[in-house]
Amino acid sequence: RSKCILFVTGGAGWNLGSTMQKATVWNMPLAPIVAKDWGSFVEIPSQVTSVFYWWEPDPTFLLLQPTEMIFPEHDKQEWAQAIQTSAAEQVPVEKYVSYDLESLAPSIVALLQGMQIELAQVKELMMDELR
């Protein structure tokens with residue numbers, strides 16, 4: 001019986017290369033699969049215990065209550081050399097508005113500029129929609 005843990009990804013193999021580098025360096029017995037379509041990508045992690053590629057904020061896997069795998073802090077120099085054994089660079093979640101919103105509704109733009117919401121709050125809001 002295999003002791004490998006399934007690593008589920010989709011698309012053209014989202015994050016496959018860097019995940020397999022991490023698996024090799026950090027001695028993680030992963031067996032990668034690329035789901036054939038979005039439906040399969042979403043369904044497989046709910047049917048079998050696995051590691052899967054995911055991004056936030058996104059409600060797709062929230063009900064599974066996944067745990068993030070933590071790697072050493074992003075090493076920009078190593079990633080520039082295609083050594084991807086540290087964490088990926090964090091991508092900020094930003095607010096964007098229509099180019100003319102400031103002239104059409106300056107008070108709304110001011111409200112949005114002053115607004116901050118934590119990822120935990122975003123997850124709570126998404127969970128409310130899933131229930």
Side-chain angles (χ1 to χ4, degrees):
R1 180 172 165 118
S2 174
K3 294 187 180 191
C4 288
I5 301 164
L6 196 60
F7 168 62
V8 183
T9 187
W14 301 318
N15 217 43
L16 184 59
S18 64
T19 299
M20 296 317 295
Q21 279 191 37
K22 289 174 181 68
T24 301
V25 168
W26 302 111
N27 198 27
M28 301 182 310
L30 296 183
I33 66 163
V34 179
K36 67 179 181 175
D37 55 33
W38 178 258
S40 299
F41 172 67
V42 171
E43 186 176 338
I44 294 168
S46 67
Q47 292 181 344
V48 296
T49 301
S50 61
V51 173
F52 50 89
Y53 178 72
W54 189 36
W55 53 90
E56 293 181 304
D58 174 76
T60 305
F61 298 114
L62 273 180
L63 293 176
L64 297 178
Q65 297 181 317
T67 301
E68 180 181 5
M69 289 193 336
I70 306 296
F71 294 100
E73 187 175 326
H74 178 73
D75 187 321
K76 190 173 187 172
Q77 290 177 328
E78 284 189 353
W79 276 68
Q81 299 170 43
I83 301 168
Q84 301 174 352
T85 57
S86 63
E89 187 173 16
Q90 293 295 312
V91 178
V93 176
E94 299 177 327
K95 300 172 274 192
Y96 291 94
V97 298
S98 173
Y99 72 95
D100 59 350
L101 187 61
E102 189 153 19
S103 63
L104 296 172
S107 59
I108 298 296
V109 171
L111 173 71
L112 292 172
Q113 287 173 336
M115 185 176 164
Q116 281 199 317
I117 185 166
E118 297 297 322
L119 184 58
Q121 293 171 301
V122 173
K123 286 181 182 180
E124 284 180 41
L125 292 169
M126 290 188 296
M127 283 296 284
D128 289 345
E129 289 299 313
L130 293 173
R131 292 183 195 132

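Numbers for residues simply follow the sequence, beginning at 1.
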Evaluate whether atom CD of Q47 has more than 12 neighbouring non-hydrogen atoms of other residues, nucleotides or ligands under 6.0 angstrom away. yes
Residues clustering with V97 (ILVMFWY side chains joined when closer than 4.5 Å, directly or via others): L101, I108, V109, L112, M115
Residue pairs passing the salt bridge (Lys or Arg N to Asp or Glu O under 4.0 Å) test where at least one lies in residues 96-109, sequence neighbours excluded: none
Heavy atoms only: give me the nearest A23-L30 pair and the separation to one decimal. CB-CD1, 3.8 Å
Any donor-acceptor pair under 3.5 Å from T9 side chain to W14 backbone: yes
Identify, with sequence neighbours excluded, every residue that meets side chain to side chain contact (heavy atoms under 4.5 Å, CB included) alongside P32. F7, L16, M20
Specify the closest pair of heavy atoms between L119 and P57, including all atoms of both residues, with the distance to one decimal. CD1-CB, 4.1 Å
Min side-chain heavy-atom separation T19-Q84 under 4.5 Å: no
Can you list the residues that meet the side-chain hydrogen bond (donor to acceptor under 3.5 Å, both in side chains) rule with D75, with sequence neighbours excluded? none
Using side-chain heavy atoms (C-beta onward) and a distance below 4.5 Å, is L62 in contact with W54? yes
My understanding is that only residues two or more places apart in sequence, or in another chain, count here; which of them pass side chain to side chain contact (heavy atoms under 4.5 Å, CB included) with M69? M28, V51, F71
Please collect all ring pair (Phe, Tyr, Trp, His ring centres under 6.0 Å) contacts where either partner lies in residues 76-108, sequence neighbours excluded, each pair once. H74-W79
Identify the residue among W55, Y53, F52 that makes a ring-ring contact (aromatic ring centres under 6.0 Å, His included) with F61. F52
hydrophobic_cluster_shared for L104 and L111, side chain cutoff 4.5 Å: no
Flag if over 12 foreign heavy atoms under 6.0 Å of CH2, W26: no
Side chain to side chain contact (heavy atoms under 4.5 Å, CB included) partners for L6, two or more places apart: V8, I33, I44, V48, S50
If you compare all heavy atoms of P29 against all heavy atoms of K3, which two are closest, and at what distance to 0.1 Å? CG-O, 3.8 Å
Running the 4.5 Å side-chain criterion over Ile, Leu, Val, Met, Phe, Trp and Tyr, what cluster does V91 land in, apart from itself? none
Test salt bridge (Lys or Arg N to Asp or Glu O under 4.0 Å) applied to D128 - qualifying residues, sequence neighbours left out: R131
Partner set under salt bridge (Lys or Arg N to Asp or Glu O under 4.0 Å) for E56, not counting sequence neighbours: K123
Please name all residues satisfying side-chain hydrogen bond (donor to acceptor under 3.5 Å, both in side chains) with Q113, sequence neighbours left out, ordered by chain then number. none
Going by the rule side chain to side chain contact (heavy atoms under 4.5 Å, CB included), which residues pair with I117 if we only count those two or more places apart in sequence or in a different chain? Q121, V122, L125
Spacing of CD belonging to E124 relative to CD belonging to E118, to within rounding of 0.5 Å: 11.5 Å
Does atom NZ of K36 have more than 12 heavy-atom neighbours, drawn from other residues, nucleotides or ligands, at distances under 6.0 Å? no
